[in-house]
There are 2 protein chains.
Amino acid sequence: MQELSKQEIELLRILQLNARFDITDLTERLNMSRTSVYDRIKKLENEGYIKDYVAIIDPKKVGLNFTVIINVSLNSQRLELVEEFSRQVAALDEVVEGYVTGGIFDYVLKVVVKDPEAFNDFIRKLSDIPNISKVQSSFVMSYIKQSTKLHF
Amino acid sequence: MQELSKQEIELLRILQLNARFDITDLTERLNMSRTSVYDRIKKLENEGYIKDYVAIIDPKKVGLNFTVIINVSLNSQRLELVEEFSRQVAALDEVVEGYVTGGIFDYVLKVVVKDPEAFNDFIRKLSDIPNISKVQSSFVMSYIKQSTKLHF
DNA sequence: GCTTTAAAAGGAAAAAATCCGATGCAAGAA
DNA sequence: TTCTTGCATCGGATTTTTTCCTTTTAAAGC
């Protein structure tokens, strides 16, 4: 894959801070014409550098006051079982993030729900997925940082 | 705080999937006039429901191939020490997410870097922060789910 | 030095956002 | 009931922005 130019990197850095950009405003910062900026953005979108443009909603404002980091271990690491687990976990709306990890646990999930009761309901749903051997939850008491900005 | 109307909830749900919305397109789905949609969005922005509009960049495409979930414990939970730790951690660009948790560990961090070597550099920086007693890292082997969409 | 190709820029039309004034509608008061 | 007040909604008009198309520039290979 082709390397990104300095202008393209700068562009991505700007965009990941603001998705409601006005192309005309970007021309000054990038020292490019209106249409060049337009073409670059389209190129970065088409080539998959930009996956999405999203609005970040404040979870507390919409009543989601309970975030939990869950560590999960499975009984078996057989590919088909792992894939089945991943598939089912991804389908759960409460799961915001999910990772397969190396280390003590096999999976780390981040779950956002309304309250402890909703979390209890979630854990019940999670437990229905076969092959789980161990679940350890750490509830989030406060946010230090929550960002979508990547450092590159 | 005032409850959100059905239309406003629907609007937030749409916006968290697409920040490059065209107000005219939303009128049909929300059954509102162009200007009403406009006013509602401004209201939701001003009242803090919408924290930000951002572009989601593919980390792999910009060379960030190493994600790590780090569990950290501190020696002391004295407020000023905890706040100092939080402040310093939040200032590290490699830290994408950081939480104060109840459970076995005190903090969970998500760190995104280029490669293991960059991670090593990061750990060195992290270790310079005083008061840390234990650090346990789990590197991410694959992504099950990565979303900014909240379920409400 | 000439040719080929891709990126960059400018113009103009189309589309969208924004502002403004007007209308409707509900709740409360006379 | 009728009037008033306040607020959400709406449509028109203007401004701004996007988008497409064409021309120009620049760079690379021959």
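Quick caveat: nothing in here was measured; it's all calculated off a predicted structure.
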Does [N] have OP1 or OP2 under 4.0 Å away from a side-chain N or O of [X]?
X: R34(B); N: dT18(C); value: no
X: T35(A); N: dG10(C); value: no
X: Y38(A); N: dC20(D); value: yes
X: S36(A); N: dA9(C); value: yes

Would you kindly give the [atom1]-to-[atom2] distance between [X] and [N], to the nearest whole Å?
X: E45(B); N: dA17(C); atom1: CD; atom2: C1'; result: 12 Å
X: R40(B); N: dT18(C); atom1: CZ; atom2: C1'; result: 18 Å
X: L26(B); N: dC10(D); atom1: CG; atom2: C1'; result: 17 Å
X: E28(B); N: dC10(D); atom1: CD; atom2: C1'; result: 17 Å
X: N31(A); N: dA7(C); atom1: CG; atom2: C1'; result: 15 Å
X: D39(B); N: dG6(D); atom1: CG; atom2: C1'; result: 15 Å

Any chance CZ of R20(B) has more than 12 other-residue heavy atoms, nucleotides or ligands included, within less than 6.0 Å? yes

State whether the number of non-hydrogen atoms from other residues, nucleotides or ligands found under 6.0 Å of K145(A) atom NZ is greater than 12. yes

Do I23(B) and L12(B) share a hydrophobic cluster, counting only Ile, Leu, Val, Met, Phe, Trp and Tyr and linking them when any side-chain heavy atoms are less than 4.5 Å apart? yes

Between A118(B) and V113(B), the two heavy atoms sitting closest are CB-CB, 3.9 Å

In numerical order, the residues of residues 5-25 of chain B whose heavy atoms come under 4.0 Å of DNA chain D are none

Test log, rule ring-ring contact (aromatic ring centres under 6.0 Å, His included), inputs Y143(A) and Y99(B): CA-CA 5 Å; Y143(A) 286 46; Y99(B) 308 100; 5.2 Å; yes

Among dA8(D), dA7(C), dC10(D), the one nearest M32(B) by side-chain distance: dC10(D)

Output the distance between atom OG (S147(B)) and atom CG (D93(A)), rounded to the nearest 0.5 Å. 9.0 Å

Any donor-acceptor pair under 3.5 Å from K61(B) side chain to K51(A) backbone: no

